[in-house]
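Beneath this line is the structure, given in structure tokens, with notes to follow.
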Amino acid sequence: MSAHPKFKKPFDKVLIANRGEIAVRVIRACHEMGIRTVAVYSDADREALHVRFAHQAFNIGPPPSTESYLRIDKIMEVAKQSGAQAIHPGYGFLSENGDLARACIEAGIKFVGPSAEAMYAMGDKVRARNAMIEAGVPVVPGTPPLDPDATDLVDRANEIGFPVLLKASAGGGGKGMRIVREEKELVSALAQAAGEARASFGDDTVFMEKFVERPRHIEVQVLADGHGNCLYLGERECSIQRRHQKLIEECPSPVVTPEERAKIGDLAVKAAKAVDYEGAGTVEFLRGNDGSYYFMEMNTRLQVEHPVTEEVTGMDLVKWQLRVAAGVPLDRTQDDVELHGHAIECRIIAEDATRNFMPCPGTIRGLRTPSGPGVRDDGGVYSGYTVPLHYDPMISKLVTWGSDREQAIERMARALDEYRIDGLTTSISFHKKVMRHQAFIDGDLHTGFLEEHPELVKAGDNEWLQQIAVVAAAVDHFRRQEQLATRPRGDRRRGAGSAWKRYGGKGWRR
Amino acid sequence: MSAHPKFKKPFDKVLIANRGEIAVRVIRACHEMGIRTVAVYSDADREALHVRFAHQAFNIGPPPSTESYLRIDKIMEVAKQSGAQAIHPGYGFLSENGDLARACIEAGIKFVGPSAEAMYAMGDKVRARNAMIEAGVPVVPGTPPLDPDATDLVDRANEIGFPVLLKASAGGGGKGMRIVREEKELVSALAQAAGEARASFGDDTVFMEKFVERPRHIEVQVLADGHGNCLYLGERECSIQRRHQKLIEECPSPVVTPEERAKIGDLAVKAAKAVDYEGAGTVEFLRGNDGSYYFMEMNTRLQVEHPVTEEVTGMDLVKWQLRVAAGVPLDRTQDDVELHGHAIECRIIAEDATRNFMPCPGTIRGLRTPSGPGVRDDGGVYSGYTVPLHYDPMISKLVTWGSDREQAIERMARALDEYRIDGLTTSISFHKKVMRHQAFIDGDLHTGFLEEHPELVKAGDNEWLQQIAVVAAAVDHFRRQEQLATRPRGDRRRGAGSAWKRYGGKGWRR
Amino acid sequence: MKISAQVGDKLAEVSVSRDDGLLIVTIDGVEHRVDARKLEGDFYSMLVDGTSYEVSVEGNGDKYLVRHGADEQKVTFTDPGRQARAAAGGGAGPAEILSVMPGKVVRVLVNEGDAVEEGQGLLVVEAMKMENEIEAPKAGTVKSVHVEPGTTVDNDALLLVIE
Amino acid sequence: MKISAQVGDKLAEVSVSRDDGLLIVTIDGVEHRVDARKLEGDFYSMLVDGTSYEVSVEGNGDKYLVRHGADEQKVTFTDPGRQARAAAGGGAGPAEILSVMPGKVVRVLVNEGDAVEEGQGLLVVEAMKMENEIEAPKAGTVKSVHVEPGTTVDNDALLLVIE
């Protein structure tokens, strides 16, 4: 068995213009392919895992990302100095920045991603919407600003289909907004909305769009090479969100049938081809209760949640990004893409779900990542690591695979139980509640899931857990007393630098 | 989506009569199914991971396994006391002990494994061989003790097929053994073997059997329910061994074709049905160069290397053991069993491959297990854990999955690079060499692999690594000097209890 | 060791003694036999009457933060005598409001002398691009305010005092 | 700091100094700029002229065990003066053979007064159900034997002395 040509390493050396778990993820793919890696880091990240894992590492400035990870000039300088042949941007930071893609072309370095033109086309909401309409991809139907005296109001609403949403053009925060479910309500609702808009924003312009009830966030992974081939690799459902940030993702969606998958897969490929897309990308849709789909946007980069697609398709998306960037054609057709089983991802974040998902940065005093069958942890931290204040507080992405959705959930619940991160408050307890919540188990998901089930983000006392806590604290207290009695005074150092102090200000709430 | 009947938990509470990684593995399966777990532990294992993970844990005696893990009476007592409905024996210890199975029947507790009768039938080499011959499963052809004056010697050798092996009945250690490749050598070789046997053992009885050249160890996983259904779940190749202990296993074998797989699968099912087998079991074969297969033995329990089969079939074997034990029928037919991709397992053992695989127990001072795409670590240890002297020194099983064998190897090499176990010498560096060895990459495996490639078990100096080591030691030395200069005398505690001391006796070899 | 423990809104009488390598922990008269082993970091493995728990315990003086899985509980011990004295004094010393994280003060919602209720918002600190409102841990009067909008604060910085 | 380092069969002259937060490590005249961070346990993250290494270093006096990935190297430092004194004395003090692990002595292969060669088997210790032969670390004469077949030994127990 000699090396298959597709596995010839596409580059000798790649620079990863990112940090955290995604930099580690890309480094892992590179090392598996025998590619040498160059990390960049800000002053806050000298001790980060991506710096430890990479072959080379270069400082690019102070902690604020505007002075480091967003500095195209510094990154290009490191790329040239280290002899990197390609730059992988990860997600966030410069990953959807056409200027970096252009700078790469000028420097003769390959940017791992689509063309600057594709990024610009999809980056502008209006341009993207128009391109999709032209390509035959459905968008949320809507109107331009409405004339309240127009006679065709009802016709337009019927064209869009009830329920419709009236929205203030200048609006925000629900002001000047009305859901209209029936024809007869339309005229009075428009008057109310316009009145409210005038009172709130001094502008009574209102427009109408389709109201999508209990929408699901469903997105399609696409992968296109530079030879005209574009595949869709199943969908992901990412409906569990807070403030429009995804918390839990899965592949496949519990509601998407094979026929529906083929339909939205074709739409996603159409969307990608409309902008001559190359590389891995994601087309995001809103899915209505009735199975209707509406294009939201296309992310022209790797997504945070790409692992669930990898687990179910068996394809390594980062390796394929690198191969496609090097001009290697895809080695399979759409018919060769098969989905096996089910995968779920929980984002493990240093934040407190019971306090409005407030970030809780700090130092990890002890870490045990779960493992065993069907468990993958894509992390970027270690015991002793301080989660810095300057960036996204995501610690890792915990992914489980099961032969079906139920087993994936069971494994996620088990893996979350095994996960131990001491010294920080994390989203683990939130995820545990979700995995055991009947609506989640039933797959009854929509983007308002957390608002519908507020018990998931409430702190609760549990007498049994309190009992255990008293026993444990009593044991520790007793041992300390014993030690104090036998140790010299100068050695009483335990408890210094403890996370306890962080609670000092809040004190006892009850 | 409501609970599928097959996922109804088969038991409420299960006792795991084992320790180490396999106890942890079984506990994980139980917890995923919502089953409560009872651990047992010897005095040496109070701080072991299986005690920490289980819901309940009971001491069953002093460290020697004859006084603890092999004590059926104590284990049955804990089972009754804790209300366990079933006992999972893991592998080793009591897993192939019919007496435990019988004690369970008497106590009305389900033994997770086959019947005592099946264990006895397969546990006795002669009975097992005869049962296989009767069932039409090929065994290594051989003769009873030979009469040196017999006239049919050549006929018998031709019947077996050259090359044949002459072996002293009383023998061992290669004495009185002769490989005969051609007819004309037979008579004189027999005289030599008999003479050598007489000189070595005072007994010149010699018998003849088929000599299998460069054999591969290929084994078939079977799974049988109590309703007459028996499946084969692909094969595993375990040819990389030392002293007949497997070190590296993979699924599928790099040489087995689909036709060959169906053939040996049928043989394995025949073997299992011959003893009315129930549960998960493994039929081990020797595979000759020419694709011939010979039954070696059947292991009537879960194997160490079961994860590679799980990764490729997507089936959780421990969960199926538990379901089958509870009387649940298999939910699929042979046609539903599909293999996807390739998986490799490396046994991470506290031993020094360059010193004849000498065990190196001790305390783990730092641990970082690898993760990321395609990596599974089935471990039983943690940072600060002391690998006890009394049991098998296996720390974990590192398993990687890839869409093909090459990717599985790439990932294993990457995962081994990430693995950090400080304070102990482990087999990690041995495995790294194997993953980068051309004969392994080519799949040119046989049970004499390590003898054929002795460079894999030799220590070697590497100037580049020495250079790094000097820099690191110099840095650490310099920092200590600085600290000594600024710290009070009483605080010079670093270095105490260091693993360095273990080298004291050997000193510098060069 | 005899002591009172507060957890959540509950109080319990706790005593601990040694018995042949085990600890006997009595909570409100109920005895538990505990085999506790301190392992890596702050982790303990505890067998409480045969049931296995993994917990981590961070202690500071009489205050303990106990984590079991992802659950967190705070436990405070007081010796009965001290508690009695505290009760006699009204149990209501001043509360120092410290910054929970490094960040920047964006709004101060109260002034010196204001009466505040438990849970009332006192000020808003921005950290990691999020605004976080800091609430009063108890009812009382604002004794002093130590920051103003724009102040950059470190972890544990004194923000204000309620009395 | 100026010092001699021995690694494998090689010797090197090493010096270390500080420069603006970095360490300058010079090995046989070649200068390396090292940014070394001590992280969890014995782990270091080192950037040596921009190249990243993860190593762990366990030190005991002048002896260091350095692990890089799964590779292990032993490094010994001597200050030049001490080395010269040792060389003058022949450098051949008695070697104490310690048990590498707890176990049971099953065979003793040499007697007091025997001449042994480097690598020659001295005794066999059984541990974890395996027999392990302990070899002479250097040529010399067996000065004393401290165990006999059947002796149970702890880690680091003195087995015999070669001179």
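In what follows, every heavy atom counts, from backbone to side chain, and hydrogens, waters and symmetry copies are set aside. In the text below, chain A, chain B and the rest are named by the order of the sequence lines, each starting its count at 1.
A:Ile468 approaches C:His68 most closely through the heavy-atom pair CG2-CD2, 4.4 Å. Pairing each heavy atom of C:Val48 with each of A:Val471, the nearest pair is CG2-CG1, 4.3 Å. Closest non-hydrogen pair, A:His477 versus C:Ile3, comes out as NE2-CD1, 3.5 Å. What you find for C:Gln73 and A:Ala469 is that their closest heavy atoms are CB-CB, 3.5 Å. The shortest non-hydrogen separation linking C:Phe77 to A:Val470 is CZ-O, 4.3 Å. Nearest heavy-atom pair, A:Ala473 versus C:Val57, reported as atom, atom and distance to 0.1 Å: CA-CG1, 4.4 Å.
Looking at C:Val16, both its backbone and its side chain come within 4.5 Å of chain A, counting heavy atoms on both sides. With a 4.5 Å cut-off on non-hydrogen atoms, C:Val34 touches chain A through its side chain but not through its backbone. If you measure heavy-atom distances from C:Ala12 to chain A, you find no contacts under 4.5 Å at all. With a threshold of 4.5 angstrom between heavy atoms, A:Gln467 approaches chain C through its backbone and through its side chain.
Per-residue counts of heavy-atom pairs under 4.5 Å with chain A were compared for C:Asp71, C:Val14, C:Val25; the largest is that of C:Asp71.
For C:Glu117, the CD atom is loosely surrounded, since the number of other residues' heavy atoms within 6.0 Å does not exceed 12. In A:Glu451, the CD atom is crowded: over 12 heavy atoms of neighbouring residues, nucleotides or ligands sit closer than 6.0 Å. Residue-environment remark: NZ (C:Lys10) exceeds the threshold of 12 foreign heavy atoms within 6.0 Å.
Looking only at atom types and distance, the side chain of C:Tyr64 has no donor-acceptor partner in the side chain of A:Asp476 under 3.5 Å away.
C:Glu54 meets the salt bridge (Lys or Arg N to Asp or Glu O under 4.0 Å) test with A:Arg368, A:Arg420, B:Arg52; sequence neighbours excluded.
Rounding to the nearest 0.5 Å gives a distance of 10.0 Å between CZ of C:Arg67 and CD1 of A:Ile428. Atoms CD1 and CD, on C:Ile27 and A:Gln466 in that order, are 11.0 Å from each other to the nearest 0.5 Å.
The closest side-chain heavy-atom distance from C:Tyr44 to A:Arg479 is below 4.5 Å.
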